[in-house]
Protein chains: 2
Amino acid sequence: MSIKLADYLFTRLRQLGIRSIFGVPGDYNLHLLDFVQPSGLAWVGTCNELNAAYAADGYARINGLSALITTFGVGELSAINGIAGAYAEKAPIIHINFRRFADMASHVTVAQVDLKDPRLVPDRIDWVLREALIHSRPVYLEVPDDMVDVLVDTSNLTSMISIPPCPVTGHEQVVLDRILERIYAAKRPLILVDGESRCMDILGDIDKLVKTTNWPTWTTIFGKSLVNEQLPNVYGVYAGSLGDPQWKDCFDSADLILNIGPHYSDTNSQNFTTIPNLAVTITFSNTYIQIDNDIYRDTYPSNILSEILKTLNTSRIPRVTGPAKSVKEVNQLNPSDSITQKDFYRIVNSLIREGDLVLTETGTAAHGGRNLILPQNTRLLGPATWLSIGYMLPATLGATLAQSERTNNPKSRAILFIGDGSLQMTVQEISTMIRENLNVIIIVINNKGYTIERAIHGRKQSYNDIAAWRHAQALGFFGADDKHVTENFFSARTWGELDAALRDRRIQDGTGVRMVEVFMGREDVQGALLRLMEKQIADEY
Amino acid sequence: MSIKLADYLFTRLRQLGIRSIFGVPGDYNLHLLDFVQPSGLAWVGTCNELNAAYAADGYARINGLSALITTFGVGELSAINGIAGAYAEKAPIIHINFRRFADMASHVTVAQVDLKDPRLVPDRIDWVLREALIHSRPVYLEVPDDMVDVLVDTSNLTSMISIPPCPVTGHEQVVLDRILERIYAAKRPLILVDGESRCMDILGDIDKLVKTTNWPTWTTIFGKSLVNEQLPNVYGVYAGSLGDPQWKDCFDSADLILNIGPHYSDTNSQNFTTIPNLAVTITFSNTYIQIDNDIYRDTYPSNILSEILKTLNTSRIPRVTGPAKSVKEVNQLNPSDSITQKDFYRIVNSLIREGDLVLTETGTAAHGGRNLILPQNTRLLGPATWLSIGYMLPATLGATLAQSERTNNPKSRAILFIGDGSLQMTVQEISTMIRENLNVIIIVINNKGYTIERAIHGRKQSYNDIAAWRHAQALGFFGADDKHVTENFFSARTWGELDAALRDRRIQDGTGVRMVEVFMGREDVQGALLRLMEKQIADEY
């Protein structure tokens with residue numbers, strides 16, 4: 001039996017759970033695009049290719065896999081920063097192109113194949129898709145325009161593509177015994193959940209582990225929202241010496257740290273200060289388990305974690321009390337006072353409901369978002385490593401689409417926190433959100449420029465300024481109808497105005513794209529950023 | 001004597017005629033940015049890095065050189081498609097970065113240097129700048145954040161950087177004699193001016209040659225506006241078998257073609273159909289002169305052309321009459337009729353004045369723009385090779401800024417023709433035009449999507465649709481004041497409305513960014529595109 005190349009490819013993508021493909025049409029991909037909708041896939045054209053890559057990244061983080069079609073040369077190069085970010089933060093995107101810059105792509109994808117020989121096409125497609133799944137990273141797939149309807153063999157299609165199961169090697173018992181022994185003997189244990197857990201097929205087991213042990217549990221920046229933050233023993237994002245001193249004491253005095261899915265980038269490890277002390281740590285990484293200095297490369301977290309949960313003698317698990325959850329001192333806010341970073345995230349936290357997606361863009365939004373306390377089953381996407389400003393708005397498009405496809409819930413919605421500088425990078429994708437009827441609340445923090453850069457350097461410098469936009473006109477310009485625009489744009493300079501906006505039924509129960517513009521001070525920052533800003537001010541005198 | 005590295009670099013850029021630098025601030029370039037304004041340079045922050053690269057490209061095409069500063073990783077990769085386009089179409093951009101992806105950059109820049117050793121800094125900067133000038137292509141310059149204020153030697157600064165003069169080799173006479181002999185003997189000669197002439201420092205000599213010989217002269221797509229189109233012997237863009245049959249006859253029967261600055265990309269050579277017959281051609285390329293099959297690599301057009309003009313015996317130049325300039329049949333247009341591609345460019349031609357910049361974006365706008373007849377001293381930028389949609393709007397920003405710096409004329413203005421699909425790619429740079437007080441008339445061709453793609457394939461396919469925007473709100477959203485917006489947005493569906501807009505004093509004599517939205521049919525195309533569209537329609541039956 002035979003099938004056209006494009007049909008083979010799109011059948012595979014559907015089998016792997018992809019429902020929508022992102023991209024921009026171009027001279028040498030038009031024939032391929034003819035096959036998208038007949039395959040049962042939706043085509044989501046974005047305004048440009050970088051935005052398409054960002055959207056595909058967001059989609060992959062929620063859906064597990066995504067696809068992107070660009071045109072050769074100009075299209076693939078415009079997208080390459082998005083692909084690189086997906087590589088850095090582990091989002092598997094199938095980037096389909098008509099080869100030109102595969103050499104460049106090889107720096108930021110885990111596999112590249114061309115589909116020039118019909119005899120090799122099925123195996124090559126299958127191989128590259130499996131690479132994307134295994135590594136949870138982008139791959140580059142070349143489809144020449146004149147190969148689109150060439151016939152290829154169908155026989156592979158009857159077996160599904162999947163990540164090969166982790167082999168059982170017989171060494172598991174040694175590892176398991178060592179881990180159990182450490183668990184039973186621990187006096188001051190804790191759990192740290194990091195962001196690569198997302199790609200390791202162990203989130204269910206992590207949830208059980210956190211509940212079964214009841215041990216104090218933290219996440220990293222990248223791990224946020226991967227455990228249920230409503231559990232009494234889950235504390236939040238560990239920030240080392242920059243965070244709660246009591247939390248740091250727990251880490252410093254711990255005799256066992258279960259460190260799951262580590263991702264040691266500078267941002268995610270708070271400048272390498274939160275990497276647990278190896279001497280007391282058991283590390284569950286994607287491809288190895290480490291106990292003290294012993295690295296076991298032939299045992300796998302997905303096997304071992306489930307074995308632990310099966311064999312754990314719950315009566316022998318040490319009962320540990322974590323630090324008291326500090327009820328944060330709540331300032332009484334005067335409704336006529338200006339909105340400040342310090343209290344903003346606490347206030348806006350009330351907006352978030354179970355099942356929401358929350359997205360926090362690089363900048364003050366991401367810093368503030370780390371302190372949100374999320375309802376269960378609420379995913380948050382924030383920057384961990386790549387920190388490409390402009391990413392989060394198109395990523396919201398992709399993630400929200402994936403979420404609504406998966407949940408099949410027309411009420412499914414996303415809340416995006418984004419600064420005014422980031423917004424300018426990729427703003428046009430608001431129009432795609434509107435066209436796709438997505439439910440997105442965009443909270444624009446208007447602080448007149450790149451405030452996070454002001455904190456780092458150039459507090460008063462004009463290069464950190466941006467052009468002033470009229471955000472009230474965004475929804476209308478990008479195609480929402482007049483009635484929707486009038487009813488769904490909110491502006492808040494004071495706590496009272498913010499409260500009114502957040503309580504408004506269009507925000508609480510509305511649909512479509514809504515926008516809340518929140519004004520904050522140009523130099524208003526918190527936490528680590530505040531220390532940087534203060535250092536600058538001190539240096540000026 | 002010593003000077004800080006940043007001061008050395010920016011002094012060099014100023015010496016080479018750069019007045020503004022484009023880019024986006026980022027963590028590892030902020031210290032460098034502190035030196036921009038004190039050096040007497042303007043910082044032009046754009047909304048994102050791809051747009052900054054496009055703007056720098058436009059600036060370089062008018063100014064001869066430009067500079068771009070991005071942040072490492074995310075910034076440089078976002079910009080890389082713009083750099084690649086500048087490489088393809090020969091615009092020298094100094095791309096200043098904190099190295100991460102220099103390997104990728106090596107595919108699309110002619111030289112890459114790092115500035116890590118203070119002893120080597122002055123020579124390395126000078127070398128890389130000279131490379132950019134010689135090749136008229138981008139270079140990649142790494143400035144580590146902690147090297148910005150390291151002291152380096154100043155002594156180089158007293159000698160200016162310039163393109164080394166072409167050596168006089170003694171072989172010139174042979175070449176000169178052969179060329180003069182061919183000129184005097186010619187019976188059916190013509191001149192073809194191509195786009196690389198721009199970078200060869202010979203535009204003045206070309207102008208003299210065209211006037212002195214009075215021979216029929218054409219340009220390529222890329223060469224358009226490099227000769228004075230008001231001269232009676234200058235015909236327009238030669239399009240081979242796709243264009244005027246009389247013109248093709250001239251080329252086919254020519255016994256001498258002076259082919260200057262050739263650039264043989266598929267688009268620019270109309271799918272390789274306009275490349276002159278070598279047997280009758282003398283080619284003046286950047287690095288060689290070719291006569292019949294003999295290539296002279298040690299003689300240079302800039303030397304030879306001026307020698308020809310000096311020694312030419314004007315009484316011996318054959319007098320040749322070109323084809324009659326066809327007075328195009330002018331349809332009487334009914335003011336209430338819809339606007340069509342066929343007559344649009346003829347009508348809008350009246351808007352263009354001497355000294356204007358005209359920019360035609362990839363798509364129907366670029367196709368139509370080829371038929372504009374330009375006043376003298378009017379530069380047109382259109383796509384020739386890279387064809388990255390979205391390029392032209394930020395390029396307009398850069399080119400207009402360069403033009404107003406060079407002419408010091410506050411009335412200096414640009415007219416951008418752009419389709420609605422292209423506009424969506426990079427629209428946010430309208431805000432930078434507004435902030436920089438540039439005089440730009442943006443003519444948006446609203447034909448509901450990627451009409452040029454519809455012509456190629458997918459005439460009715462939804463992947464060639466785009467989201468509907470409200471262009472009337474663009475200027476307001478991007479920060480123009482209400483009064484300006486009300487007075488400077490025009491919309492035209494009919495010839496009558498178009499006429500009214502074009503005659504309006506705000507369009508004729510106004511300032512700032514103005515927009516004319518012109519509605520045309522989704523499938524309305526002309527020329528070669530029409531043939532493609534007709535083929536599709538035929539194939540459907």
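Letters A, B, ... are given to chains in the order of the sequence lines, protein chains preceding strands, and every chain is numbered from 1.
Chain B forms the most heavy-atom pairs under 4.5 Å with one residue out of A:S106, A:A84, A:A480, and that residue is A:A480. The residue among B:V24, B:T71, B:N81, B:I434 with the most heavy atom pairs within less than 4.5 Å of chain A is B:N81. Counting heavy-atom pairs closer than 4.5 Å to chain B, the top-ranked of the candidates A:D27, A:V427, A:I456 is A:D27. Among A:Y391, A:F478, A:F101, A:Y450, the residue with the largest count of heavy-atom pairs under 4.5 Å with chain B is A:F478. With chain B as the partner, the residue from A:Q473, A:R470, A:E76, A:E453 showing the most heavy-atom pairs under 4.5 Å is A:R470. The most heavy-atom pairs under 4.5 Å with chain B, out of A:H31, A:Q461, A:H107, come from A:H31. Considering only heavy-atom pairs separated by less than 4.5 Å from chain B, the leading option among A:G479, A:G476, A:G421 is A:G476. Your options are B:G23, B:G458, B:P25, B:G73, and the one with the most heavy-atom pairs under 4.5 Å with chain A is B:P25.
Using a 3.5 Å distance cut-off with no hydrogens or angles, the side chains of A:S462 and B:W43 do not pair a donor with an acceptor. With 3.5 Å as the limit, one finds no donor-acceptor pair spanning the side chains of A:N48 and A:S78. For B:Q428 and B:S431, the side-chain atoms include no donor-acceptor pair closer than 3.5 Å. Side-chain polar atoms of B:S388 and B:Y54 form a donor-acceptor pair below 3.5 angstrom. Checking A:N97 against A:T70 by side-chain atom types alone, a donor-acceptor pair falls below 3.5 Å. A donor atom on one side chain and an acceptor atom on the other are not found under 3.5 Å apart for A:N446 and A:W469.
Proximity to chain A (any heavy atom under 4.5 Å) is restricted, for B:T426, to the backbone atoms N, CA, C and O. For chain B, no part of A:I452 is nearby; none of its heavy atoms comes within less than 4.5 Å. If you measure heavy-atom distances from B:V44 to chain A, you find no contacts under 4.5 Å at all. Residue contact with chain A, scored on non-hydrogen atoms closer than 4.5 Å, involves the backbone of B:A468 exclusively. Proximity to chain A (any heavy atom under 4.5 Å) is shown, for B:D420, by neither the backbone nor the side chain. Neither the backbone nor the side chain of B:S422 has a heavy atom closer than 4.5 Å to any heavy atom of chain A. In this structure, chain B has heavy atoms under 4.5 Å from both the backbone and the side chain of A:D481. Proximity to chain A is absent for every atom of B:L423, based on heavy atoms less than 4.5 angstrom apart. In this structure, chain A has a heavy atom under 4.5 Å from the side chain of B:L50, while its backbone stays farther away. For chain A, the nearby part of B:Q37 is the side chain; its heavy atoms alone come within less than 4.5 Å. For B:D482, the parts sitting under 4.5 Å from any heavy atom of chain A are the backbone and the side chain alike.
Looking at A:R454, A:K460, A:K448 one by one, the single match for salt bridge (Lys or Arg N to Asp or Glu O under 4.0 Å) with A:E523 turns out to be A:K460.
Within the 4.5 Å cutoff, the side chain of B:I430 has heavy atoms near those of the B:M515 side chain. Between A:L393 and A:M425, every side-chain heavy-atom pair lies at or beyond the 4.5 Å cut-off.
Enclosure of atom CZ in A:F489 by more than 12 non-hydrogen atoms of other residues, nucleotides or ligands within 6.0 angstrom is indicated.
Between the side chain of B:E361 and the backbone N or O of B:G419, no donor-acceptor pair lies under 3.5 Å.
With rounding to the nearest 0.5 angstrom, the OH atom of B:Y463 is 9.5 Å from the CG atom of A:L32.
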